Peer 1: 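Right, I'll just put the structure down here and ask away after.
Please read all numbers here as calculations on a predicted model, not as lab measurements. Naming: A, B, ... by sequence-line order, numbering from 1 per chain.
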Number of protein chains: 2
Amino acid sequence: MADNGAESGARRDRATTAEKLKDEAVRLFWEKGYAATTTREIAESLGVQRASLYYHIKSKEDLLYFICVESLNNIHTAVSKAISALTDPLDRVEAMIEAHVVSMLADREKHATMLTELRSLSDLRRAEIVQLRDEYESLVRSVLEEAQDAGVLWKGASAKELELALLNLLNWTIFWYRPNGELSPEDLAGLFKEVYLGGVART
Amino acid sequence: MADNGAESGARRDRATTAEKLKDEAVRLFWEKGYAATTTREIAESLGVQRASLYYHIKSKEDLLYFICVESLNNIHTAVSKAISALTDPLDRVEAMIEAHVVSMLADREKHATMLTELRSLSDLRRAEIVQLRDEYESLVRSVLEEAQDAGVLWKGASAKELELALLNLLNWTIFWYRPNGELSPEDLAGLFKEVYLGGVART
DNA sequence: GTCTATAGTGGGATAGAC
DNA sequence: GTCTATCCCACTATAGAC
């Protein structure tokens with residue numbers, strides 16, 4: 001019942017203050033944006049004084065940075081794992097879509113914050129996150145390219161173009177998905193697989 | 001009367017200070033985010049003192065509000081116009097995709113700001129913008145639904161689901177499109193039409 | 001590990017001259 | 001329509017007691 005979101009209520013109760021801090025930060029960053037979220041609000045949500053935060057973190061930017069790293073590691077791991085046991089190229093594409101959508105929506109606030117607040121990081125840290133993101137996108141592209149080479153995906157566009165179109169189709173979901181809405185992450189993954197692979201025209 | 005209907009290409013050179021102010025604001029809002037952009041920066045970019053801004057606007061939020069209204073009016077008008085002369089349901093879907101992509105990318109910063117900074121508006125103004133957005137989305141949905149009714153689009157998903165999938169595919173483009181990149185807005189519209197209508201699987 | 005208190009900076013907006 | 005000068009507030013982060 002209270003088990004919505006990626007991390008169960010039970011885990012949250014046992015979480016260290018540092019972990020609760022990160023959970024609260026990601027919630028507020030997604031709700032209001034990084035720049036508009038104040039350390040005062042984060043402290044209030046946790047029921048501690050502002051100064052106490054700085055025992056756990058060095059700066060507000062630390063929170064954003066760790067959120068971005070975790071987000072990309074999580075989705076990269078989830079997708080790698082989902083396709084690792086499969087050999088059929090089209091099966092791998094479908095498993096990738098499913099894992100991407102389910103992982104992204106299970107940890108929706110974290111992924112959304114990573115995808116939209118990159119610009120708020122310092123140059124150095126932003127470059128690090130962009131590299132992690134590029135590595136993940138390379139994985140996606142290679143799975144699509146293998147399917148093209150196997151002759152089961154359209155070759156009228158480059159693998160890069162197929163990757164851009166696929167990530168377009170999947171990622172925008174974070175802006176309108178609601179955990180208690182009509183469509184589950186699995187429903188959405190199914191819809192996107194149909195649309196991406198089969199198209200919607202019926203003549 | 002003298003101001004009426006000034007939408008020409010030479011508009012920028014003759015733009016009033018109020019118009020230049022809005023142009024500069026949208027550039028900065030998209031680059032750094034609304035909350036992270038200061039009125040000091042906007043004034044500096046225009047080469048005026050901070051206080052001078054307040055002759056033209058009542059508050060910083062005014063700028064965001066007017067940007068959002070313009071953005072939605074522009075894309076709604078562009079798409080309405082593009083489909084108005086067409087009767088074939090599939091032609092209308094294709095023209096809608098083309099007009100949405102070209103309009104969105106021609107005015108990229110404005111649309112991107114509207115789509116990502118809605119949460120920074122006051123409750124009242126946000127509700128107004130959400131309604132404008134809903135009206136545009138209804139137009140998109142009705143075009144898709146007519147094509148379903150005509151038997152030329154897949155009926156395995158609701159018109160609402162087809163709409164969500166289509167806007168996903170198109171809108172995320174604002175995050176990676178670069179005006180001087182390899183792909184023109186027309187190229188991208190073509191790619192998205194192929195992917196959305198025909199799918200990418202080839203068995 | 002959390003507290004009280006505050007330093008130090010930068011923010012949006014206004015008053016009134018020209 | 002733009003200027004100089006300034007108010008007042010909110011922000012991040014730190015110092016040092018407990």
Peer 1: Figure out the OH/C1' separation between A:Tyr54 and C:dA5, and round it to whole Å.
Peer 2: 15 Å

Peer 1: Taking only Lys NZ, Arg NE, NH1 and NH2, and the carboxylate oxygens of Asp or Glu, determine whether A:Lys160 and A:Glu163 approach each other closer than 4.0 Å.
Peer 2: yes

Peer 1: Looking only at side-chain N and O atoms, does A:Ser52 come under 4.0 Å of OP1 or OP2 in C:dG1?
Peer 2: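 No.
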
Peer 1: Within the structure, does a side-chain N or O atom of B:Arg40 lie under 4.0 Å from either OP1 or OP2 of C:dG11?
Peer 2: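 The answer is yes; a side-chain N or O of B:Arg40 sits under 4.0 Å from OP1 or OP2.
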
Peer 1: Quick one: B:Arg50 CZ to C:dA13 P, roughly how many Å, whole number?
Peer 2: 13 Å

Peer 1: Within less than 4.0 Å of OP1 or OP2 of C:dG11, is there a side-chain N or O belonging to B:Thr37?
Peer 2: no

Peer 1: Is the shortest side-chain N/O distance from B:Gln49 to OP1 or OP2 of D:dT4 below 4.0 Å?
Peer 2: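 Yes, such a contact exists.
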
Peer 1: Relative to each other, are the rings of B:Trp172 and A:Phe175 parallel, tilted or perpendicular (30° and 60° limits)?
Peer 2: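 Taking A:Phe175 first and then B:Trp172, their aromatic rings sit tilted (interplane angle of 30° to 60°).
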
Peer 1: Within the structure, does a side-chain N or O atom of A:Thr17 lie under 4.0 Å from either OP1 or OP2 of C:dT2?
Peer 2: yes

Peer 1: Figure out the CD/C1' separation between A:Glu41 and D:dA13, and round it to whole Å.
Peer 2: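 A:Glu41 atom CD is separated from D:dA13 atom C1' by 17 Å.
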
Peer 1: Below 4.0 angstrom, N of the basic side chain to O of the carboxylate: do A:Arg27 and A:Glu24 qualify?
Peer 2: yes

Peer 1: How many Å lie between NZ on B:Lys58 and C1' on C:dA13, as a whole number?
Peer 2: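 From B:Lys58 NZ to C:dA13 C1': 12 Å.
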
Peer 1: Of all the choices, C:dC3, C:dA13, D:dT12, which nucleotide is nearest to the side chain of A:Lys60 once you look at every atom?
Peer 2: D:dT12

Peer 1: Of the nucleotides D:dT2, C:dA15, C:dC3, which has the atom closest to the B:Ala51 side chain?
Peer 2: C:dA15

Peer 1: What is the distance from CD of B:Glu61 to C1' of C:dG11, rounded to the nearest Å?
Peer 2: 16 Å

Peer 1: Any salt bridge linking A:Arg125 with A:Asp62? Criterion: basic side-chain nitrogen under 4.0 Å from a carboxylate oxygen.
Peer 2: yes

Peer 1: If I take atom CZ in residue B:Phe29 and atom C1' in nucleotide C:dG12, what distance separates them, rounded to the nearest angstrom?
Peer 2: 12 Å

Peer 1: Reckon B:Tyr55 has a side-chain N or O less than 4.0 Å from the OP1 or OP2 of D:dT2?
Peer 2: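 For D:dT2, OP1/OP2 do not have a side-chain N/O of B:Tyr55 under 4.0 Å.
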
Peer 1: Salt bridge or not between B:Asp123 and B:Arg126? Use side-chain N to carboxylate O under 4.0 Å.
Peer 2: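 Salt bridge between B:Asp123 and B:Arg126, a charged N being under 4.0 Å from a carboxylate O: yes.
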
Peer 1: Roughly how many Å is it from CG in B:Leu46 to C1' in D:dC3, rounded to a whole number?
Peer 2: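 That distance rounds to 15 Å.
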
Peer 1: Rounded to whole angstrom units, what separation is found between the NE2 atom of A:His56 and the C1' atom of D:dA13?
Peer 2: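 Those two atoms, NE2 and C1', are 15 Å apart.
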
